[in-house]
Amino acid sequence: MSEISVRSPSNSNHSQYSRTSGFAQESFNRSSVHDDSDDENMLGPPKLSNFGSALLQDKVNELNSSRSLDQTERYRRHQNFSNASHGLTIGLVPRQPSSNNTNSTLGVAFTTMNSEDASQSTLFATSRQNQPSMTTLNSTNHEQDSLSGLKEEESLQKVKNMQHTFKEELSIRHSKRRSRRFISPRLSILGPAKRAYSPTDGGNSGTSVNESSMHLEGNTSNSSGISTTFNSTCNDGNVFYDPYVSMPTNNSSGNLTPNNILRSYENVDFGDLNPYQYLKKHNLPTTELPNISKIYFEKQKGENRRTALRKNSASKEVFLNRMASNSSLGLSGLKNTSAVKIDNSFGVRQPRRKPSDSSLSGTGKTPSSPIVAKQHDSEIFKKKENVELNKGYERSYKHNTKAVDYLEGREALANIDINSKSYEPQSKKAKLSLSMFKERQKGSNDISNEIVRHRSPQNLSFNHRTAPSPPAKKRVEIVEPHKNAETVPLKPPAPSGEYAKRKPSIKVNGTEYEKMELLGRGGTSKVYKVKSIANNKIYALKRVSFDEFDDNSIEGFKGEIELLKKLEAKPRVVKLIDHEMEHGVLYVVMECGDHDLSQILAQRSGMPLDIEFVRYHAQEMLKCVKVVHDADIVHSDLKPANFVFVRGILKIIDFGIANAVPDHTVNIYRETQIGTPNYMAPEALVAMNYSQEQSGEQNRWKVGKPSDIWSCGCIIYQMIYGRPPYGGFQGQNRLLAIMNPEVKIVFPDKTPGGDIVPRTALDTMKACLMRNPDRRWTVDEVLNGPFIRPVTVTHFFIRDLIKNAVKYGADQKRVSDEKVEELAEDVWHRLADFKL
Ligand SMILES: Nc1ncnc2c1ncn2[C@@H]1O[C@H](COP(=O)(O)OP(=O)(O)OP(=O)(O)O)[C@@H](O)[C@H]1O
């Protein structure tokens, strides 16, 4: 709005100088007809130019109303004289100087006294103490000044006075400019500030003064005799306004120090007025605006603090109420604080001191005892002055904010009754946190109580809006186990009774089977150990997933079920309990085996040969096969895993690829390659025969009872030598070796471990692993073979045999070889009675 130009006396621009002075003159001339309506229409405080006009207006008013005509004339002459003055000029030059500018413009040229050429000084400012507001001094023409008629001493005194006046004026203008920065934007945009009405404004007088009673009207006069009417606000009365010095003065002291001036305004009630409106309403000069603005913003700051404090107090109360409502969960200790410790800074908790530190009592320091602290604080609180109270609230607010934030932050732990003797944190960190929490909780309760006490009607009355409720927060419930274990268990209810033992179950035809464990997996199935809910018996439940739209699969499973049903009464076949087939899933419930033969063999892997073990398990196996074969069924996939011991009896399972052998046939033919390569008979692997391929038929696989015997021979071989006959071959080579007649199976006399393999065992294996299926022993032959059923002779048998042979030889002169063979055969037959 203005610029400051500094010109040296020698280079001073006279035209500019004159123009500047001319503005001042113009302003001065126009000020007499200044219309107040300009200011009335202003939303904010006057701009710099308006301040200038206001100053001039004040001066004119003053001069018109209370000064003599010659004073005015002298003023004009001073002004005119200043137009021709020289010297260092500090000019507040208007940005757009124009004589037609309707707004009053401050054209001020401050010229200081030049030490060398201090002939003239143009001074334009408000002055005080009977000094003209504008004075031109020219020492060289001192004698010619018709108005002054003053002596030189008086002139010097005047200069001194004016210098003093200028200093104050500059100070006022400075503060005015600062206050304008705050007032202007707010007023122009937001309008007058809205404040909560607080009659006492935080004062400690304890008196609520109504606005109507606060306007004191009076007449006063300053030393110059200027009288004015004013409306002012005070609690004490007797605050006078001296318009000439533009400052209120306290009648009692009369000292016009800045502090006194500001203090005189401290009790001013602005109501809904902003400083400028207040100024206009009470017809105060605009020069008071900085002072009033300063007080206004001080009050606003205090009001904002108190509003924030009230909000905080309200949320604190809500918090305490909430905690009180949780007292059933052990929160009583949070609300009821036995000892209230307050220090002399109104809620600011001092560092803890030892209780024994009694030397602090009565020394103005923080009392250590809570009781002493109460009394101490009460006394101090009564003595506090208004400003100090505001400061105290400010500090209390800050501290209380921290405390409440902390408490709210720890609200999750609120349900832990930390006052309970039984509650003991485990870790050091937890103990430390707990102690800190208790301390802070105690401190915040102190603050809360102090705030409530401060807000009591005896101390202070607030007229404020209801604080909004704090946002609802999630409450985390942590229940002390040993206190509330009966009512609020920490864990979900422990399963009890049958419910506790219940596991996932499967229903087959309405009967519920509870899964216990997984027994094994097959190519397309899983077999579970299950328990019938109905009778608590253990079963094996085989679950097979298949393509329900694949007829072959469906037929295959149906065939398996049929075979199981057919062999249902056979002790060597796993017993079928129930079955259900629907939606691509087949459930087969059967009796449960303990171990399958593969598990048993694996368990004995690497152990020395135990031929009796081999014999026994071979016999068991063959007995199972015999049952199947006797039923004219070819299993086609015999392997150790398909024999399970059920309560000590080896039983055959898995008839998935088994087929009943049609009557009058020896073999069955499959469309696909099936079975386990290690145990598959050559005939099951080799293309049925070349002729059939030639005939254009697809590969078909011939399997029959001898194939099962081959498989049994492989299993016996594995039990003796530790691996199947072609187990030394890997992958496709194994299949090729099996199919290749040139690759002969080796039957060592000893096991890899060096154990002798009985001849009967060797013979039996050879009989089972004949490449030609037609030459293989049947299951009965194997079962009745020397290995499975060896001959056991006694000592008497041998003695009788020897005795009879000697007697026969004594009677015969010559015994032919044929006769010997006949006798041997006879004996051999007799030995049959000695088979195991
Ligand atoms: N009744 C049962 N009792 C105990 N275990 C069983 C029973 N039935 C099957 N098992 C176990 O489950 C495994 C797989 O069973 P099974 O041979 O019937 O499945 P699969 O699908 O026919 O297998 P693959 O198709 O390979 O022949 C067996 O090796 C065995 O260990």
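Since the structure is predicted, the reported quantities are computational estimates derived from the model, not experimental observations. We count ligands from 1, going down the list as the structure has it; atoms in each ligand are counted the same way.
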Would you say ligand 1 has an N or O under 3.5 Å from any N or O of [X]?
X: Val574; answer: no
X: Lys542; answer: yes
X: Asp594; answer: no

Would you check whether [X] reaches within less than 4.0 Å of ligand 1, judged by its heavy atoms?
X: Lys651; answer: no
X: Gln599; answer: no
X: Lys529; answer: no

inquiry  = Which of the numbered atoms in ligand 1 are under 4.0 angstrom from any heavy atom belonging to Ser525?
reply    =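 Reading through ligand 1 atom by atom, the close ones are 19 (O), 20 (P), 21 (O).
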
task = Give a yes or no on whether the ring-centroid distance for His635 and Phe643 is below 6.0 angstrom.
result =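 No.
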
request  = Flag the pair Phe747 / Tyr721 as yes when their ring centroid distance falls below 6.0 Å, and as no otherwise.
outcome  =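 No, the ring of Phe747 stays outside the 6.0 Å limit from the ring of Tyr721, centre to centre.
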
query = What do we get for Val544 next to ligand 1 when only non-hydrogen atoms under 4.0 Å count, side chain, backbone, both or neither?
reply =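 Neither part.
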
request  = Answer yes or no: is there a side-chain heavy-atom contact under 4.5 Å between Leu769 and Cys714?
outcome  =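 When only atoms from C-beta onward are counted, Cys714 and Leu769 do touch, with a gap below 4.5 Å.
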
ask   = Does some side-chain heavy atom of Val757 sit less than 4.5 Å from a side-chain heavy atom of Met765?
value =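 Met765 vs Val757: side chains touch.
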
ask   = For the residue pair Phe645 and His617, does the interplanar ring angle fall in the parallel (under 30°), tilted (30 to 60°) or perpendicular (over 60°) class?
value =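 It falls in the perpendicular class, over 60°.
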
task = Would you sort out whether Met680 and Ile738 count as a side-chain contact (heavy atoms from CB on, under 4.5 Å), showing the intermediate values?
result = CA-CA 8 Å; Met680 288 187 70; Ile738 294 172; 5.5 Å; no

